[in-house]
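Worksheet: one structure, shown below.
Just so you know, ligand 1 is whichever comes first in the structure, and atom 1 is the first atom listed for that ligand.
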Amino acid sequence: MKTIIKNGTIVNADNEQIADILIENDKISKIGDCSNIEVDKTIDASGKFVIPGGIDPHVHMHLPTPAGYSSDDFESGSKAALFGGTTTIIDFVTPEKGQSLVEAYKLRVSEAQNAHINVKFHVSPIEWLENTAAEMEELVIKYGVTSFKIYLAYKGAVGLNDDVIIKVLETAKKLGVLVTAHCENDEIINILRKKFISEGKTSPKYHALSRPAEAEVDAIRRLILFARYIETPVYIVHVSTKNGVEMIKKAQSKGLPVYAETCPHYLLLEESVYEGDFEKTGKYVLSPPLRLKKDNEALWNAISDGTVQTVGTDHCPFNLKGQKDKGINDFTKIPNGAGGIEHRMELLYTYGVEKGLISMQKIVEITSSNAAGIFRLNNKGAIKEGFDADIVIWNPQSSKTISLDNQHQNCDSNIYEGFKTKGKAETVILNGEIIIDS
Ligand code: URP
Ligand code: ZN
Ligand code: ZN
């Protein structure tokens with residue numbers, strides 16, 4: 001099968017040009033004049049951007065919680081991803097206590113069989129057992145895992161104490177792979193959770209107040225300290241605070257390999273959304289919580305100056321009815337998370353590019369190229385000869401208002417409902433095949 005994309009503006013993280021792209025089977029085989037080549041299909045991309053398929057390095061499809069699974073499984077969540085221009089996701093393997101990491105990995109791979117896109121995994125050691133180091137090695141060598149994930153919060157469930165964090169970092173260093181981390185100080189959060197519940201302060205607002213900015217900043221500081229002395233790189237997921245960004249920037253300026261990710265909700269939503277009835281506020285219960293305008297602004301600046309390398313979505317939707325409302329009288333029982341995978345590019349385009357905060361090249365960098373580099377997704381993250389034909393044709397003229405009626409995620413609510421957006425992933429090509437042509 002041969003396809004040509006003609007007349008589009010090809011945007012990579014480091015260059016931009018108007019040229020034809022020839023796709024043969026699942027690869028980009030030529031960039032340049034393709035006028036004399038006979039093909040099966042020609043797509044005219046005049047006036048549109050042609051960008052590498054999005055890579056979302058942080059999603060939780062089919063995540064088990066006491067309130068049931070996150071409402072998108074790999075099938076529905078990956079469909080939503082495609083509509084948003086994302087062709088690769090990196091989800092998580094989280095074992096049960098006592099379960100082998102390798103067994104948990106194989107099980108998770110089987111759960112993802114119905115995904116419509118490319119799927120990779122970060123693997124989370126949640127305790128240190130006799131076999132953990134050997135299993136980490138097996139995952140890297142035999143299964144191609146390039147990253148592990150640790151939680152500094154959620155102790156008692158998946159969170160790790162310092163001695164285990166150090167063992168994971170040391171083992172990852174030996175294996176030459178990256179450790180990603182959820183950074184929040186669990187002890188502070190628990191003090192505040194207990195206090196608020198005992199005072200009858202049970203609404204979603206107290207979810208946010210129980211996870212203050214200092215909790216994130218303290219955990220980032222501690223992780224960077226370990227990384228500095230162990231001399232191994234770390235990747236901090238879903239950074240939400242100005243002070244967290246400043247700490248990361250300082251470490252980077254000293255030459256420490258600290259990578260940072262943020263999410264659209266930390267760029268666009270504020271803490272004030274937690275005021276009001278549960279019906280309105282329950283959907284915003286996610287961790288870390290939404291912050292202040294100054295934090296939104298600091299994160300946009302951190303994207304611009306390169307302190308933050310990636311924007312993931314932390315896609316993890318739960319229905320308001322039947323899931324989030326399990327915590328209507330106790331915020332500690334509300335499952336944490338929200339969806340957003342299909343909105344990542346359109347939100348960054350509308351509120352980043354259209355507002356003059358970032359360029360289209362920057363969008364490519366933070367939604368695709370940097371993740372491909374950091375997580376070693378070979379042949380992804382750029383429109384280049386020999387690379388995988390995961391391609392999005394972006395129509396900058398399209399516009400809409402996000403609503404429950406036009407969303408693709410499987411959820412009865414949407415944290416971006418009412419947001420006006422410009423731009424659309426009009427055509428999405430996955431491994432050389434046109435999957436969306438709208
Ligand atoms: O609230 C969130 N983010 N839920 C998903 C799990 C996590 O902490 O990333
Ligand atoms: Zn997290
Ligand atoms: Zn997450």
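Contacts between D314 and ligand 1 below 4.0 angstrom, taking non-hydrogen atoms only, involve the side chain exclusively.
At under 3.5 Å, not a single nitrogen or oxygen of K149, backbone or side chain, sits near a nitrogen or oxygen of ligand 1. For ligand 1, none of its N or O atoms has an N or O atom of L63 under 3.5 Å away. For ligand 1, none of its N or O atoms has an N or O atom of Y151 under 3.5 Å away.
Comment: E199 engages K201 in a salt bridge, judged by a side-chain N to carboxylate O separation of less than 4.0 angstrom. Ionic pairing of K321 and D412 is not present here: no N-O contact between side-chain nitrogen and carboxylate oxygen is shorter than 4.0 angstrom. A salt bridge links E346 with K400: the distance from a Lys NZ or Arg NE/NH1/NH2 to an Asp or Glu carboxylate oxygen falls below 4.0 Å. A salt bridge does not link D277 to K280: none of the charged nitrogens lies less than 4.0 Å from a carboxylate oxygen. Ionic pairing of D162 and R222 is present here: one or more N-O contacts between side-chain nitrogen and carboxylate oxygen are shorter than 4.0 angstrom.
Checked against the Zn ion (ligand 3), the N, O or S atom of D314 at the shortest distance is OD1. Counting just the N/O/S atoms of H182, the one with the shortest distance to the Zn ion (ligand 2) is named ND1. Closest to the Zn ion (ligand 3) among the N, O or S atoms of H60 is NE2.
Summary of contacts: the protein heavy atom closest to atom 4 (N) of ligand 1 is N336 O, 3.1 Å. Of the protein's non-hydrogen atoms, the one nearest atom 1 (O) of ligand 1 is S287 N, 2.7 Å. Ranking protein heavy atoms by distance to atom 6 (C) of ligand 1, first place goes to H60 NE2, 3.6 Å. Y154 OH, 2.8 Å is the protein heavy atom nearest to atom 8 (O) of ligand 1.
Near H238, meaning under 4.0 Å from any of its heavy atoms, are these atoms of ligand 1: 8 (O), 9 (O). Near L286, meaning under 4.0 Å from one of its heavy atoms, ligand 1 places the atoms 1 (O).
The 12-atom threshold is exceeded at NZ of K106, counting heavy atoms of other residues, nucleotides or ligands nearer than 6.0 Å.
Among the backbone and side-chain atoms of H238, none of the N, O or S atoms lies under 2.8 Å from the Zn ion (ligand 3).
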(message) Quick one, Q407 with N414, criterion side-chain hydrogen bond (donor to acceptor under 3.5 Å, both in side chains). Give me CA distance, side-chain angles, the key distance, then yes/no.
(response) CA-CA 8 Å; Q407 71 173 9; N414 189 316; 2.8 Å; yes

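Taking the ring centroids of Y235 and F375, they lie under the 6.0 Å cut-off.
Put simply, the side chain of E354 never gets that close to the backbone of T350: no donor and acceptor are under 3.5 Å apart.
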